[in-house]
Each structure stands twice: as C-alpha cells, then as structure tokens.
Number of protein chains: 2
Amino acid sequence: MQQSSQFTADVEPSIPGLSRYAELATDLRARILRGQWEPGQALTAEAELARAYGVALGTIRQAIALLVDQGLLERRHGKGTFVKAGLGGASMLRFFRFRHADSSQAPTSRILNRKRIPADAATSQALTIPENAPVLALERLRSIAGQPCLLETIMLPLPLFEPLASSDPAAWGDLLYPEYQRRCGVVVHQAEDQLSFDTLGASNARRLGLTKGHPCVRVRRRAYDLTGRCVELRITLGDAFDFEYTAHVR
Amino acid sequence: MQQSSQFTADVEPSIPGLSRYAELATDLRARILRGQWEPGQALTAEAELARAYGVALGTIRQAIALLVDQGLLERRHGKGTFVKAGLGGASMLRFFRFRHADSSQAPTSRILNRKRIPADAATSQALTIPENAPVLALERLRSIAGQPCLLETIMLPLPLFEPLASSDPAAWGDLLYPEYQRRCGVVVHQAEDQLSFDTLGASNARRLGLTKGHPCVRVRRRAYDLTGRCVELRITLGDAFDFEYTAHVR
DNA sequence: CAGTGGTCTAGACCACCGC
DNA sequence: CGGTGGTCTAGACCACTGG
C-alpha cells in the first residue's frame, strides 16, 4: 500500500561522492528552510525519521549531529530535537564592560531617527541588494541606567521590513531581533561582527555624551537568517575605554 | 593467558554516573598528559584500543570524538589519530591588519630586554605562583617589513623557563612558542586573549614609532599547556588604528 | 598491499521528561 | 507510563594513506 503522509520524504536520489548521512542532513536542512518545522518547534522523532528514510538510527543521528553543530538544531534529552530559535539581541553588550552598570542591568533603547533611503554602495553590497534599492535606516541609542552608551545605525532591506516602517517605534521592545521576528517573520540566526577603532565626529559624540575626537569602537555587524541571507547591516559605536573582549585561541 | 603489553590499560573501576565513553576519554586524557603519546605522535589505533579496553569500536570512537573537540586530539583519515601539536605562535597577528604589509609577510622579532624579577601581584595570580616567586621578564618588539608594530611584555615562571634565561636570544626564532617547546619542553596548547583599549605612554610610544598618547589596543594573553596550567602571561600593545577583528555570533 | 579512520546496520537497553 | 534522545554492541564494508 502506498503511504502518502505529507511528512514522508520523497527519498532523494543518492548523490554520488556524498555519504548517506550528509544527504540526509541536506534534505533535513531543506525541509527546515522550507518551513516544515518552525523555529522553536520539535522535529519528527529520530526513530520515525529513520523509518521514513529507510536508514538505521545511527545514520539519522549522524545527520542530526551535523545540523546541530551547524547551529541549526538543538537536542534536548527526553524532549526532542528542536529547530533553533533566533538570537536574543543583547549580544552587542559582550564587547563592552560598562563601569556604571550595576551587575547585569538590561539596556534600554530609543529610536532617534527612522527613514526610507536608497541603499548606498556599502549597504547594497552587505545586504546583496541592488544599489539604490530602498532600505529602512534606523538610528538608535542604547542606554544603561540612563547613561547613553551605544549608538547604532541600522540598515534593513525593504519591503521585507515594511512593518517596521509603519508601526510606532515607541511600541517596540528594547531588543530589536524579537521585533524582526514578531513583525516581519525574520529570524536572525547568526551574525558576524567586525571590530575596529575610530574617533567620534561631533554629532555622534554629542549623542553619546562624549567629546569630539574621543576614541570609539566600531562594530560592523551583518546578521543572517536561517537561509544564510544577510538581513541586517548595523554599525555600532561605543566608548573605546569601555571596550573589553575575551577571545579563546586554540 | 595473561596479556602484559605496556599499552594495555589497567581497566579503571567503572565510575558511577559517568558513561563508558566518558570514562575512556578521561583515561586516554590522563595517559596523554602522562606523556604516553607525545604531541604530534599517533595514538594506538582505534581497533586496538577497543580490544584493549574491551569495548565496541563505536564506544572508543565516541571517547576519541570527545577529546577531538576538546582540542586534544586530531584525526587524519587513513593515517591515524594524533595528539595535537602546540600553537604556532603567529596568533597575535589575527587581531591586526597592517596596511603596509605586502600580503602575509612574516613578522620579525627582537628581544629588547630580559631579566629575572620577582612576580608582582598580577603576574603571580595569572601564573598561579606565589607572589615574588622568580619569573623571567622579556620585552620584545615585533616588526613587519622593518616597521615596528607590536610591543610585548612577557612573564615566564622560573625555573621552568630557565633555558631561556641563559641561552642567547639572538639564536631564537621569530616565534616564541616553538622555542618554549624546543628549549623548555613546554607545549602551548591554548590561550585566552583579553582585549582592551588604552593610550600609549611616552616610552612605549617611542619604541613603536608613535606619539605619546596615541590610541592602542592592549591584548592580555594567558597561555596554557596541555594540563591546563598557565605557563605565560603576555601583554601586547599595538596601534589601535591597525586593529581589526572578526567575531562570529551564534 | 596492509593499516588506518569513516560509514552503516539492526538491534538492545538506559536516562530523562511530562502527563 | 509512553515517548524522547543517549549509550553500547558486534559486526560489515568503504575510503584514504603510504610503502
């Protein structure tokens, strides 16, 4: 009898030169990106997947292990295997230690500016969109205990982020990534931060409560969704004397 | 018949609450630290180990996998499983991009200063030795294409590094970690870098060919051997405007 | 060619979770 | 309790390495 469950994989043709578990991982990844399982949701059980694909348990487990250390899946003993939820959004703080911060105080954030503009060269390249394509530009000030500490310029491709162009910024939370997900269905899954040093111009210095020419750290972040598409370009400026970062070398 | 190969493990008592492969990993780790296999040398083959320990192949493979992603072992298909050799030593460059450097030019290094001193508080704490215990203090200038770029202050515990206190620094190579290994038997296996920002004092600025008060990055490195003991404290200073670092967030 | 790690199977039983 | 992932076995065969 022909089984016709929507979850049964159309067994893909064996790809020569690729191990069985690598094929399975590729197929699972495709199904996840296709949205068959939402972020935060549990995958079909290993045993069931093994049956569906017609492989041994160990093989499907190897495939899952691959996606786990690619950061796409997460195992929870006794509960299931879950599609990873997006980044929280507080990750910019890890580069800075703020002297005046009493323990792990949550930063507040305020949108200073929001406008639609055509993408400049750097933005279009980072977001892989045509030059002059429309983007939403945000300027945002983050503070801890009332002290301004980080100034951010954020570029978001339109029309993907259209909901953010029309809704009231005052209604947004202090973290942006959850808003991306809630309002635009965009899940930020990983990011790449490029750090360098610079000095502040007059207007940026004023907004951070510092003097013109003050040394600052510049974090250029590109954030990516599950499919690997770059969905955000963000430039963050902060006082260089607040900067501290630990890296492990192996 | 009793087998008496020197490699046969005295089968350790099963540790309750710990999986078999975790036990095996612990035992293998101990044997490696004990020096049963030197860094760079191949481990006994998986099949042989499985026989010796009286477990299935898959179990010993899981144990080895643990040590591999702890960075202690390295597998090479068709050749064997090897104890990881130490760090090369050029790793400080990864924080800096030097504009004048023609591609990946190797840096040269010169010892400016070498003396025995009693450990100050910070040094003794980092190296976990008593305060005022003897250390070897090195000052070292690294250059690319004749341009001074990094100034380092290095603290090494004595008597472990005694060979470096007596030999001629001119005979040392441009990388220190290989010298640690060759002359003192110390293998640097991993390190932790703590980055922060500062401005140069007059004397340091002079040695780097910069002006007093110039912005600089300060990298405080603690280097560890295979056993996890801290064997080096190093403070590196470099021009902040040459600094660039990329971090991945997941 | 012999020796190594890499893949895969078809089972068994254990440990954790939540109802 | 049933369902999940975690551990372990005892094999088979494949793929890479080097003499």
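Residue numbers start from 1 in every chain, and the chains themselves are labelled A, B, ... in the order their sequence lines are given, proteins ahead of strands. The figures here come from the full heavy-atom set of this structure, side chains too, leaving out hydrogens, waters and symmetry mates.
- Within residues 67-85 of chain A, the residues that have a heavy atom under 4.0 Å from DNA chain D are, in order of number, A:Arg75, A:Arg76, A:His77, A:Gly78, A:Lys79, A:Gly80, A:Thr81.
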Which pairs of donor and acceptor atoms, one on a side chain in residues 72-83 of chain A, lie under 3.5 Å apart (sequence neighbours left out)?
unit_1  : atom_1 : unit_2  : atom_2 : d
A:Arg75 : NH2    : A:Glu46 : OE2    : 2.1

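- Taking every nucleotide of DNA chain C with any atom under 4.0 Å from a non-hydrogen atom of chain A, the first and last of them, 5' to 3', are C:dT7 to C:dG18.
- Residues passing the side chain to side chain contact (heavy atoms under 4.5 Å, CB included) test with A:Ala165, sequence neighbours excluded: A:Arg116, A:Leu136, A:Glu162.
- Residues forming a side chain to side chain contact (heavy atoms under 4.5 Å, CB included) with A:Glu152 (at least two apart in sequence, or on another chain): A:Met92, A:Arg140, A:Arg142, A:Ile154, A:Arg234, A:Thr236.
- Looking at residues two or more places apart in sequence or on another chain, you find a side chain to side chain donor-acceptor pair (under 3.5 Å) between B:Glu179 and B:Arg182, B:Arg183.
- Checked against side chain to side chain donor-acceptor pair (under 3.5 Å), A:Thr227 has the following partners two or more places apart in sequence or in another chain: A:Asp225.
- Shown here are the side chain to side chain donor-acceptor pair (under 3.5 Å) partners of B:Gln41, two or more places apart in sequence or in another chain: there are none.
- For B:Arg250, the salt bridge (Lys or Arg N to Asp or Glu O under 4.0 Å) criterion is met by no residue, not counting sequence neighbours.
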